[in-house]
Amino acid sequence: MKQKRGQLIILSGPSGAGKGTICEAALNTIPNLRVSISATTRMPRGKEQNGVEYFFLSEETFREKIEEGAFLEYAKVHDHYYGTPKAHIVQMLDEGVNVILEIDVQGAAQIKEQMGYGITIFIAPPSLSELKERLVDRKTDSFEQIALRMKNAQLELKQAQNYDYIIVNRTVDRAVSDLAAILRAEQCRSLNNLEIIQEMLM
Ligand code: 5GP
């Protein structure tokens with residue numbers, strides 16, 4: 001039987017909803033899962049390192065990469081560019097690895113359109129007050145940045161209805177177990193298993 005293509009999991013949600021924390025915990029508990037590292041033109045925050053959380057690029061280099069067609073999608077979010085590098089993701093999917101993209105709502109729409117597949121999951125905070133509290137508590141954004149992220153949160157929440165699933169991030173453990181449940185269910189979709197059935201049919 002030929003190698004099954006990995007699942008493409010697209011996670012979006014307002015900044016501070018906990019996407020990064022969920023991804024980190026998911027990598028430690030869900031097998032055969034990798035997170036794609038995006039490129040961005042924003043400056044590193046706190047202890048962020050180039051090639052770990054993001055590839056930090058100048059705007060000029062980012063534009064060159066757009067011209068080269070190196071991104072699966074890219075978008076301007078909170079005044080900076082963010083993009084998903086194409087080559088590595090396609091390779092991982094071909095090898096059967098499940099790949100998480102943690103991208104904004106504009107990027108998610110582009111991917112769904114271009115790739116024609118992918119499981120879209122919206123990570124929502126339990127409330128707006130909790131979202132603001134998390135942004136303040138992480139102490140990495142200025143007052144203006146927090147205001148901008150809260151404003152953008154409204155725009156992103158409006159897109160939640162277009163996603164296949166919504167996970168409300170009340171606790172990280174619960175959110176990761178929801179994510180694992182979604183992946184298990186998707187793996188059992190009849191379309192994903194028809195080949196095995198066909199082999200058994202005379
Ligand atoms: P942050 O600056 O907080 O790390 O990320 C800001 C926003 O950019 C988040 O909503 C995040 O999901 C989004 N983002 C991160 N990487 C990408 C990417 O490669 N493409 C797109 N479209 N959005 C991204």
Side-chain angles (χ1 to χ4, degrees), residues 8-24 26-27 34-59 61-66 68-90 92-93 99-115 118-125 128 131-160 162-163 165-167 169 175 179:
L8 184 62
I9 303 128
I10 302 159
L11 287 193
S12 305
S15 203
K19 300 178 300 264
T21 316
I22 292 172
C23 281
E24 220 182 288
L27 286 180
R34 301 275 285 277
V35 177
S36 143
I37 302 173
S38 295
T40 182
T41 59
R42 85 152 160 75
M43 297 296 286
R45 246 186 346 229
K47 291 187 179 142
E48 285 179 341
Q49 285 179 319
N50 189 38
V52 179
E53 288 81 7
Y54 285 104
F55 295 106
F56 295 99
L57 306 181
S58 67
E59 203 157 316
T61 310
F62 196 98
R63 283 182 196 284
E64 279 167 14
K65 299 237 172 254
I66 295 175
E68 289 165 15
F71 294 124
L72 209 51
E73 62 72 39
Y74 69 93
K76 202 164 192 184
V77 191
H78 313 315
D79 290 339
H80 296 289
Y81 283 107
Y82 292 83
T84 305
K86 191 186 317 188
H88 191 214
I89 290 169
V90 170
M92 286 192 285
L93 291 173
V99 181
I100 296 190
L101 305 185
E102 192 207 313
I103 61 178
D104 90 310
V105 292
Q106 308 165 71
Q110 286 180 53
I111 298 262
K112 257 267 155 116
E113 200 177 298
Q114 273 177 38
M115 309 279 284
I119 309 161
T120 54
I121 306 175
F122 191 90
I123 307 291
L128 281 182
L131 182 69
K132 186 157 184 197
E133 217 168 280
R134 287 179 190 173
L135 286 173
V136 171
D137 282 354
R138 72 184 188 188
K139 296 191 176 78
T140 49
D141 297 293
S142 64
F143 181 75
E144 289 78 17
Q145 274 293 325
I146 291 175
L148 179 63
R149 283 164 193 263
M150 288 302 291
K151 193 171 145 220
N152 286 346
Q154 291 291 327
L155 300 173
E156 287 172 309
L157 287 167
K158 283 193 183 129
Q159 302 296 323
N162 299 324
Y163 281 69
Y165 298 92
I166 296 176
I167 295 178
N169 183 16
L179 177 61

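Indexing begins at 1, ligand by ligand and atom by atom, following the structure's order.
Side chain of Glu156 to backbone of Val105: no donor-acceptor contact under 3.5 angstrom is found. A side-chain donor-acceptor contact under 3.5 Å links Thr41 to the backbone of Tyr81. Of the possible polar contacts, none joining the Ser36 side chain to the Ile100 backbone as a donor-acceptor pair under 3.5 Å is found. Judged by distance alone, with hydrogens and angles left aside, the side-chain atoms of Gln114 form a donor-acceptor pair with the main-chain N or O of Leu72 at under 3.5 Å. A donor-acceptor pair under 3.5 Å is absent between the side-chain atoms of Asn169 and the main chain of Ile123, judged by distance alone. One N or O on the side chain of Lys112 and one on the backbone of Gly118 form a donor-acceptor pair closer than 3.5 Å.
Atoms of ligand 1 lying under 4.0 Å from at least one heavy atom of Gly107, given by number and element, are 22 (N). Ligand-side atoms of ligand 1 in range of Arg45: 1 (P), 2 (O), 3 (O), 4 (O), range being under 4.0 angstrom from any heavy atom. Listed by number with element, the atoms of ligand 1 under 4.0 angstrom from any heavy atom of Arg42 are 1 (P), 2 (O), 4 (O). Atoms of ligand 1 found under 4.0 Å from any heavy atom of Lys19, numbered from 1 in the order shown, are 9 (C), 10 (O), 12 (O). Numbered from 1 in the order shown, with element, the atoms of ligand 1 that lie under 4.0 Å from a heavy atom of Ala75 read 22 (N).
Residue contacts with ligand 1: Glu53 is excluded, as none of its non-hydrogen atoms falls under 4.0 Å. Using a 4.0 Å cutoff on heavy atoms, Gln106 does not count as a contact of ligand 1. A heavy-atom separation below 4.0 Å is not found between Gln110 and ligand 1. Using a non-hydrogen distance threshold of 4.0 Å, Arg149 registers as a contact of ligand 1. Not a single heavy atom of Phe71 lies less than 4.0 angstrom from ligand 1.
Taking both residues in full, the closest heavy atoms of Arg42 and Tyr54 are given as NH2-CE1, 3.2 Å, listed atom of the first, atom of the second, then distance. What you find for Gly83 and Phe71 is that their closest heavy atoms are C-CD2, 3.8 Å.
Counting heavy atoms closer than 4.0 Å to ligand 1, residue Val77 contributes side-chain atoms (C-beta onward) but none from N, CA, C or O. Residue contacts with ligand 1, taken as heavy atom pairs separated by less than 4.0 Å, involve Glu73 solely via side-chain atoms from C-beta onward.
Tyr82 OH, 2.5 Å is the protein heavy atom nearest to atom 2 (O) of ligand 1. Ranking protein heavy atoms by distance to atom 23 (N) of ligand 1, first place goes to Asp104 N, 3.0 Å. Looking only at heavy atoms of the protein, atom 16 (N) of ligand 1 is closest to Ser38 OG, 3.2 Å. At the shortest separation from atom 4 (O) of ligand 1 among protein heavy atoms lies Tyr54 OH, 2.5 Å.
Put simply, the side chain of Ser12 does not reach to within 4.5 Å of the side chain of Gln159, judged on heavy atoms. Proximity of Glu48 to Phe56: side-chain heavy atoms (C-beta onward) are separated by under 4.5 Å at one or more points.
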